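Quick notes on the structure that follows.
Because the structure is predicted, anything quoted here is derived from the model rather than measured. Reckoned from all heavy atoms, side chains included, excluding hydrogens, waters and symmetry mates.
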Amino acid sequence: MRIDIITVVPGLLDGPFAHSILKRAEEKGLAEVRVHNLRDYSTSRQKQVDDYAFGGGAGMVMMIEPIARCIEALQSEREYDEVIYLTPDGETFDQSMANELSLKGNMIMLCGHYKGVDERVRQRFITREISIGDFVLSGGELAAAVLTDAIIRLIPGVLNDETSALTDSFQDGLLAPPVYTRPAAYDGMEVPEILLSGHQAKIDDWRFEQSVRRTKERRPDLMEGKDF
């Protein structure tokens, strides 16, 4: 998988891709992330990528021309399965979407900024618009980092234990159950005896029951349509 991220502030993405799982994925040759500075595609002396909105109003708008040059340059080098625009009014990102996108090959992510992009960018180039929640960030860079992390960790071989991702919260529509590690007793608090029993079938049943209970308590909206 290759993900190309287009941004006006590439420095915001230096940290997330230099460590942990994402770095290991690149080292294993399983994923490649490239960050592109949109200002490199501006033809103005000032490297301008935004301008005032037609019709007036507060805030600046990202211009179509630098974005078009960048996307077209990338598309001339390889085919892309998705060109994603990170925007508050996109469809809300969730685990099922992460699962779906993890099966893709190459993707472009365009990070919004200011008051957003010229609408013609969305009409001509964008295949999918995604939001990470009902709130507004200064730009789409952090959202792009969230998507990239959630997607790449699902690629087979990225995690040391591939079954780990399959037992994450939301994979089966439920929150994950409580987890424990050593010591078995701490300051009067004991690990549930069932987890020490070695009886895997009973442990699996306990974990499922705990997942259902936790989901009912914390995210009852996820229980709609379920019969357990």
Side-chain angles (χ1 to χ4, degrees), residues 1-20 22-23 25-26 31-93 97-98 101-102 104-152:
M1 176 184 289
R2 173 168 167 139
I3 297 177
D4 289 274
I5 302 176
I6 303 171
T7 169
V8 295
V9 279
L12 282 177
L13 294 168
D14 288 344
F17 304 131
H19 305 281
S20 189
L22 298 181
K23 182 180 180 181
E26 290 220 40
E32 181 180 6
V33 180
R34 291 291 174 265
V35 178
H36 305 271
N37 189 340
L38 184 61
R39 297 189 188 281
D40 293 339
Y41 296 86
S42 172
T43 57
S44 74
R45 183 178 301 175
Q46 298 80 18
K47 297 299 182 182
Q48 182 179 358
V49 295
D50 63 298
D51 208 336
Y52 295 103
F54 283 125
M60 306 292 279
V61 177
M62 294 174 69
M63 302 161 65
I64 186 172
E65 292 170 320
I67 296 172
R69 290 190 194 97
C70 184
I71 292 176
E72 288 170 351
L74 291 171
Q75 290 178 330
S76 70
E77 297 174 355
R78 65 190 59 81
E79 292 187 3
Y80 288 90
D81 298 301
E82 298 281 5
V83 180
I84 297 169
Y85 175 46
L86 286 312
T87 173
D89 58 356
E91 57 183 319
T92 304
F93 186 64
M97 195 186 302
L101 293 175
S102 73
K104 304 287 185 180
N106 303 319
M107 289 179 279
I108 293 173
M109 295 186 187
L110 172 61
C111 301
H113 241 272
Y114 315 115
K115 278 294 184 180
V117 301
D118 188 303
E119 185 68 19
R120 291 167 291 185
V121 171
R122 303 169 81 161
Q123 294 170 348
R124 172 164 293 187
F125 297 105
I126 303 303
T127 63
R128 194 158 195 172
E129 301 184 352
I130 296 177
S131 166
I132 62 168
D134 295 339
F135 49 87
V136 177
L137 298 170
S138 298
E141 289 76 18
L142 297 179
V146 167
L147 260 69
T148 301
D149 185 284
I151 292 166
I152 288 180

Exercise for the section: Would you confirm whether D81, through its side chain, and N106, through its main-chain N or O, come within 3.5 Å as a donor-acceptor pair? Expected result: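 Confirmed, D81 side chain pairs with N106 backbone.
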
Exercise for the section: Mark yes or no for whether T127, through its side chain, and V83, through its backbone, hold a donor-acceptor pair below 3.5 Å. Expected result: yes

Problem - Qualifying residues under salt bridge (charged side-chain N to carboxylate O under 4.0 Å, His left out), relative to D118, sequence neighbours excluded - result: R120

Problem - salt bridge (charged side-chain N to carboxylate O under 4.0 Å, His left out) against E32, all qualifying residues, sequence neighbours excluded - result: R2, R34

Looking at every heavy atom in both [X] and [Y], which two are closest together, and how far apart are they?
X    : Y    : value
H36  : C70  : CB-SG, 4.2 Å
M63  : P66  : O-CD, 3.6 Å
A98  : A150 : CB-O, 4.1 Å
Y80  : L74  : CE1-O, 3.4 Å
M62  : V8   : CE-CG1, 4.2 Å
S131 : G133 : OG-O, 2.9 Å

Fill in the blank from the handout: Only one of E141, R39, M109 passes side-chain contact (heavy atoms from CB on, under 4.5 Å) with T7, and that residue is E141

Practice task
Report the distance from atom CD1 of I130 to atom OG1 of T92, rounding to the nearest 0.5 Å.
Solution key: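 The CD1 atom of I130 sits 10.0 Å away from the OG1 atom of T92.
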
Exercise for the section: Enter the distance from I126:CD1 to E119:CD here, rounded to the nearest 0.5 Å. Expected result: 10.0 Å

Exercise for the section: Flag the pair L137 / L86 as yes when at least one side-chain heavy-atom distance between them is below 4.5 Å, and no otherwise. Expected result: no

Practice task
Would you check if R69 and T43 make a side-chain contact, meaning some heavy-atom pair closer than 4.5 Å?
Solution key: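 Sidechains of T43 and R69: in contact.
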
